[in-house]
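Below, chain A is the first sequence line, B the second, and so on; all start at residue 1. Note: hydrogens, waters and symmetry copies are ignored here, and every other heavy atom, side chains too, is used.
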Number of protein chains: 2
Amino acid sequence: MAFAAPSRIRRHTTDPPPDVASGIISRSMKRCAACDHPGFCPTGKLVAPETALASALACTLKRVRRTESLYRAGASFDSLYAIRSGFFKSTVALEDGRDQVIAFHMAGEVLGMDGIGTDSYTADTTALEDSEVCIIPRARLNDPVLQRELFKVMSRELVRDQGVMLLLGSMGSAERLATFLLNLSQRFVARGYSSQEFHLRMTREEIGSYLGLSLETVSRLFSRFHGEGLVCVAQKHIRIQDIDGLRAVTTAANG
Amino acid sequence: MAFAAPSRIRRHTTDPPPDVASGIISRSMKRCAACDHPGFCPTGKLVAPETALASALACTLKRVRRTESLYRAGASFDSLYAIRSGFFKSTVALEDGRDQVIAFHMAGEVLGMDGIGTDSYTADTTALEDSEVCIIPRARLNDPVLQRELFKVMSRELVRDQGVMLLLGSMGSAERLATFLLNLSQRFVARGYSSQEFHLRMTREEIGSYLGLSLETVSRLFSRFHGEGLVCVAQKHIRIQDIDGLRAVTTAANG
DNA sequence: CGGTAGGTTGACAATGGTCAAGCTCGGTGG
DNA sequence: CCACCGAGCTTGACCATTGTCAACCTACCG
């Protein structure tokens with residue numbers, strides 16, 4: 001595979017954030033004084049600028065190891081969590097045992113908002129790599145400054161969900177995967193990482209579950225995209241070779 | 001936009017709510033003093049009990065006729081809307097023209113929350129029958145009492161979206177339609193109407209769009225359910241004959 | 001009473017799922 | 001250091017579900 005072998009850094013220590021884009025990381029963005037990941041301080045995003053630092057300092061951290069769950073569906077709602085570093089998936093289950101990944105989450109995103117309305121979480125949320133979250137106790141939902149920000153976060157989440165419904169309801173398999181890759185790319189770049197090369201933290205099965213496809217279909221599509229020169233895939237390493245080509249796949253009839 | 005004693009307030013006069021379930025309506029639930037639809041006063045749901053009446057009186061009503069849109073994607077966010085009576089659909093569009101129904105809304109539900117995060121709406125929302133909404137100007141988002149309630153409403157909306165993703169991603173066609181019918185039934189009964197007999201306000205095409213199916217598949221499934229004695233379908237009138245049978249369809253492998 | 005939007009049904013095709021076999025890589029223990 | 005093991009991935013063959021196209025029907029509205 002024509003793929004610059006990345007140095008396989010495996011950090012289980014706290015100090016630096018785990019590498020997200022296999023070494024190709026732009027550290028240009030300024031950092032929050034309290035958080036050390038580039039450009040994306042969850043607490044900074046959550047509160048007005050003037051109180052960001054205070055909030056950040058007051059925030060309790062929690063570590064979640066890979067495969068561990070942060071909360072489970074049905075557990076009583078006690079806090080929100082802002083991801084400081086790491087990667088999560090959320091899944092919901094049907095009574096008959098089937099379940100589905102409904103979201104992947106990365107640094108700066110807020111987890112647990114599904115619990116506000118019913119006082120208990122409705123999804124399972126699990127770390128896909130060793131991660132750290134800031135605990136936002138439910139009592140702080142009364143903080144007007146936090147509230148204002150949280151409205152926006154929840155609203156944007158509603159918009160994100162619209163996109164997923166569109167994806168699941170109107171797109172063919174290739175469109176879905178291309179959309180997914182472009183979305184990941186966009187989110188990585190917003191965090192100061194490479195937009196073209198990154199490491200998938202989820203399995204084919206999890207991608208398939210999220211996209212409403214079988215793991216085999218996901219695998220075949222990766223192979224096909226690879227063959228078409230759109231991406232370079234080696235296991236979980238992805239390099240987007242032709243971003244415009246991928247965007248074209250996103251449009252119907254190029255599936 | 002000021003909401004104090006506007007000239008165009010349509011006060012809560014005595015006109016009864018439009019019949020939702022072709023005459024089979026239970027009127028047993030108590031009504032809000034300010035709103036006249038049974039058991040489900042949007043303003044009452046939105047504010048703490050002690051201020052419900054005041055808010056309801058201050059609320060400006062807007063009428064939306066069938067096929068008219070309440071707001072369109074891209075329009076700047078100026079208010080939320082609580083449905084007082086009627087029925088709406090929300091659709092989102094892809095660049096290439098395809099679009100999809102992402103929700104149906106009925107009395108008591110809140111529209112426009114997708115606009116909070118980005119300051120403009122992201123969906124088109126259209127009345128499927130002559131409807132009335134209470135306007136909640138964006139300025140009122142600062143009202144702490146309203147805020148608290150809105151958090152719950154938005155959170156529940158997130159949970160609802162999870163259910164739709166599950167439906168679109170994990171269910172077969174028959175499961176989807178059965179789930180949809182049971183959901184409608186549940187929502188009607190919560191509003192004091194019959195749980196078994198109701199009038200569909202949307203076309204087969206709109207149902208199909210919402211469920212990620214073609215209109216032909218929806219039609220065939222209605223015929224099949226009819227043949228199996230699960231429902232009695234006559235155009236847009238639906239009577240659920242065997243609710244447990246429908247629930248069984250909801251489970252995999254009974255598709 | 002005719003036009004039109006919406007709905008039904010059938011024949012066929014295509015997309016994507018299922019099943020099965022085999023591969024790759026990383027971890028583990030001899 | 002090597003052999004083995006298992007989770008995750010790939011690929012092929014086949015098949016089921018659902019979409020597409022087309023024809024026709026029906027109800028409703030002027």
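- Between the side chain of A/Arg176 and the base of C/dG16 there is no donor-acceptor pair of N/O atoms closer than 3.5 Å.
- Of the candidate nucleotides C/dG6, D/dT10, C/dT9, C/dT9 has the atom lying nearest to any side-chain atom of B/Glu216.
- Side chains of A/Leu70 and A/Tyr121 form no contact here, defined as non-hydrogen atoms less than 4.5 Å apart.
- Rounded to a whole Å, the CZ atom of B/Arg224 is 15 Å from the P atom of C/dG10.
- Nucleic acid contact for A/Ser219: base, since at least one base atom lies under 4.0 Å from a heavy atom of the residue.
- In terms of position on DNA chain C, the residue among A/Gln235 and A/Ser214 whose nearest nucleotide sits closer to the 5' end is A/Ser214.
- Each of B/Met171 and A/Thr217 has a nearest nucleotide on DNA chain D; the 5'-most of these lies closest to A/Thr217.
- Between B/Arg220 and D/dT18, a side-chain N or O to OP1/OP2 separation shorter than 4.0 Å is absent.
- Counting heavy atoms from C-beta outward, B/Phe104 and B/Glu206 have side chains that approach closer than 4.5 Å.
- A ring-centre distance under 6.0 Å is not found for A/Tyr193 and A/Phe198.
- Separating the NE2 atom of B/His237 from the P atom of C/dG6 is a distance of 17 Å, rounded to the nearest angstrom.
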- Do A/Arg191 and A/Glu109 pass the salt bridge (Lys or Arg N to Asp or Glu O under 4.0 Å) test, and can you show the C-alpha distance, the side-chain angles, and the key distance before you say yes or no? CA-CA 11 Å; A/Arg191 281 155 184 80; A/Glu109 297 175 0; 3.3 Å; yes

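- The distance from atom CZ of A/Arg201 to atom P of D/dG8 is 16 Å, rounded to the nearest whole Å.
- Here A/Thr203 does not reach the OP1 or OP2 of D/dG8: none of its side-chain N or O atoms lies under 4.0 Å away.
- Residue contacts shown for A/Gly212 are limited to sugar-phosphate atoms, with no base heavy atom under 4.0 Å away.
- Atom CD1 of B/Ile207 is separated from atom C1' of C/dT8 by 14 Å (rounded to the nearest Å).
- Rounded to a whole Å, the NE2 atom of B/His199 is 10 Å from the P atom of C/dG7.
- Counting only heavy atoms from C-beta on, B/Arg204 has its side chain closest to C/dG7 among C/dG16, C/dG7, D/dG8.
- Counting any heavy atom pair closer than 4.0 Å across all strands shown, A/Ser223 reaches sugar-phosphate atoms only and no base atom.
- By the salt bridge (Lys or Arg N to Asp or Glu O under 4.0 Å) test, B/Glu68 pairs with no residue at all, sequence neighbours left out.
- As judged by a 4.0 angstrom heavy-atom cut-off over every strand, B/Leu213 is placed among residues touching the sugar-phosphate backbone only.
- Atom CD of A/Glu175 is separated from atom C1' of C/dT15 by 13 Å (rounded to the nearest Å).
- Put simply, NZ on B/Lys236 is 11 Å from P on D/dC28, counting in whole angstrom units.
- For the OP1/OP2 pair of C/dG16 and a distance below 4.0 Å, the side-chain nitrogens and oxygens of A/Ser173 include at least one atom meeting the criterion.
- We find that NE2 of A/His226 is positioned 15 Å from C1' of D/dT11, with the value rounded to whole Å.
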